[in-house]
Participant: 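After the structure tokens below, expect a handful of questions from me.
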Amino acid sequence: MLLVYFSSQSTWALVMLGLIILLGVILAIQAHRGRARGGNEELPGMTGEVTQPSDERGHAWAMVRGEAWQVHATTPLVVGQTVQVRAVHGLTLEVDAQPSVSTHETQGESS
């Protein structure tokens, strides 16, 4: 019935259009299946560098992933210290101070 109404050339065009739409639907379904991972979900485990020392409450500022974040640590933080993110609480990151390697230790290991 369809061949009577449409010529054979337009039938092929309809088949191709149907396949393109089907491919688009399949790609859209696959794109929505996986859980989107981005934003603050990636932060735990990342490292950063302290840009402002901690105050009496343990709050400081650090650069993590190229962004300035307010951080909180149980130990005092100093400028230039490396920290690792433990958890995210709103716009504040819970961090652990990483042990700093002195220049004498690195020179002793290389020789």
Side-chain angles (χ1 to χ4, degrees):
M1 179 95 175
L2 209 80
L3 288 175
V4 174
Y5 187 73
F6 296 106
S7 68
S8 64
Q9 290 177 354
S10 60
T11 303
W12 282 107
L14 288 174
V15 168
M16 292 303 290
L17 180 62
L19 290 174
I20 291 171
I21 290 173
L22 180 64
L23 178 65
V25 169
I26 290 171
L27 291 175
I29 290 171
Q30 286 179 349
H32 287 284
R33 269 194 189 159
R35 180 174 176 178
R37 189 164 160 85
N40 297 348
E41 295 175 353
E42 296 179 332
L43 289 171
M46 289 189 158
T47 58
E49 183 178 332
V50 176
T51 56
Q52 290 182 6
S54 57
D55 59 14
E56 63 280 350
R57 296 177 299 156
H59 289 105
W61 286 88
M63 291 295 286
V64 178
R65 202 178 51 187
E67 302 167 341
W69 286 88
Q70 185 173 19
V71 297
H72 180 263
T74 55
T75 59
L77 300 173
V78 295
V79 175
Q81 186 173 14
T82 303
V83 292
Q84 184 173 19
V85 179
R86 271 190 301 129
V88 180
H89 300 292
L91 295 176
T92 303
L93 304 178
E94 288 289 329
V95 297
D96 289 325
Q98 297 295 305
S100 60
V101 178
S102 69
T103 56
H104 297 293
E105 291 177 19
T106 56
Q107 289 174 355
E109 292 172 359
S110 63
S111 51

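Bear in mind that the values here come from a model prediction, so they are computed numbers and not experimental data.
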Participant: What's the separation between atom CD in Q84 and atom CD in Q98, rounded to the nearest 0.5 Å?
Facilitator: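 The CD atom of Q98 is 4.5 Å from CD of Q84, to the nearest 0.5 Å.
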
Participant: Without swapping roles, check the side chain of T92 against the backbone of V71 for a donor-acceptor pair under 3.5 Å.
Facilitator: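 Not a single qualifying donor-acceptor pair exists.
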
Participant: Which ILVMFWY residues can you reach from L27 by hopping between side chains whose heavy atoms are under 4.5 Å apart?
Facilitator: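 L27 clusters with L23.
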
Participant: Given the rule in the side-chain contact (heavy atoms from CB on, under 4.5 Å) test, do V83 and T47 qualify, once you have shown the distances and angles that lead to the verdict?
Facilitator: CA-CA 5 Å; V83 292; T47 58; over 6 Å; no

Participant: What's the separation between atom CG in L93 and atom CH2 in W61, rounded to the nearest 0.5 Å?
Facilitator: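 Result: 10.0 Å between the selected atoms.
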
Participant: Do V95 and V88 sit in the same hydrophobic cluster, where Ile, Leu, Val, Met, Phe, Trp and Tyr count as joined when their side-chain heavy atoms come under 4.5 Å apart?
Facilitator: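 Linked, V95 and V88 end up in one cluster.
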
Participant: Taking atom CD1 of I26 and atom CG of L19, what is their separation to the nearest 0.5 Å?
Facilitator: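 It comes to 9.5 Å.
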
Participant: Between Q81 and A97, what is the shortest heavy-atom contact and its length?
Facilitator: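 Looks like NE2-CB, 3.3 Å.
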
Participant: Ignoring hydrogens, what is the shortest heavy-atom contact between P76 and S54? Give both atom names and the distance.
Facilitator: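 Taking P76 first and S54 second, the nearest heavy atoms are CA-OG, 3.4 Å.
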
Participant: With a sphere of 6.0 Å drawn around CG of L22, does it hold more than 12 non-hydrogen atoms of other residues, nucleotides or ligands?
Facilitator: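 Yes, CG of L22 has more than 12 neighbouring heavy atoms, counting only those of other groups under 6.0 Å.
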
Participant: Any link between L77 and M46 through a network of hydrophobic side chains (Ile, Leu, Val, Met, Phe, Trp, Tyr) touching at under 4.5 Å?
Facilitator: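 The answer is yes; both residues are in one hydrophobic cluster.
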
Participant: Could you measure the distance from the CD atom of E94 to the CG atom of L43? Nearest 0.5 Å is fine.
Facilitator: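 So the CD of E94 and the CG of L43 are separated by 13.0 Å.
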
Participant: Are side-chain heavy atoms of V78 and P53 found at a separation under 4.5 Å?
Facilitator: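 SC-SC contact between V78 and P53 ruled out.
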
Participant: Quick one: CD on Q70 to NE2 on H89, what's the gap to the nearest 0.5 Å?
Facilitator: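 Going from the CD atom of Q70 to the NE2 atom of H89 covers 12.5 Å.
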
Participant: For E49 versus G80, what's the shortest heavy-atom pair and its separation?
Facilitator: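 In terms of heavy atoms, the two residues are closest at OE2-CA, 3.6 Å.
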
Participant: Mind checking the CZ-CD spacing from R65 to E42? Nearest 0.5 Å is all I need.
Facilitator: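 Result: 5.5 Å between the selected atoms.
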
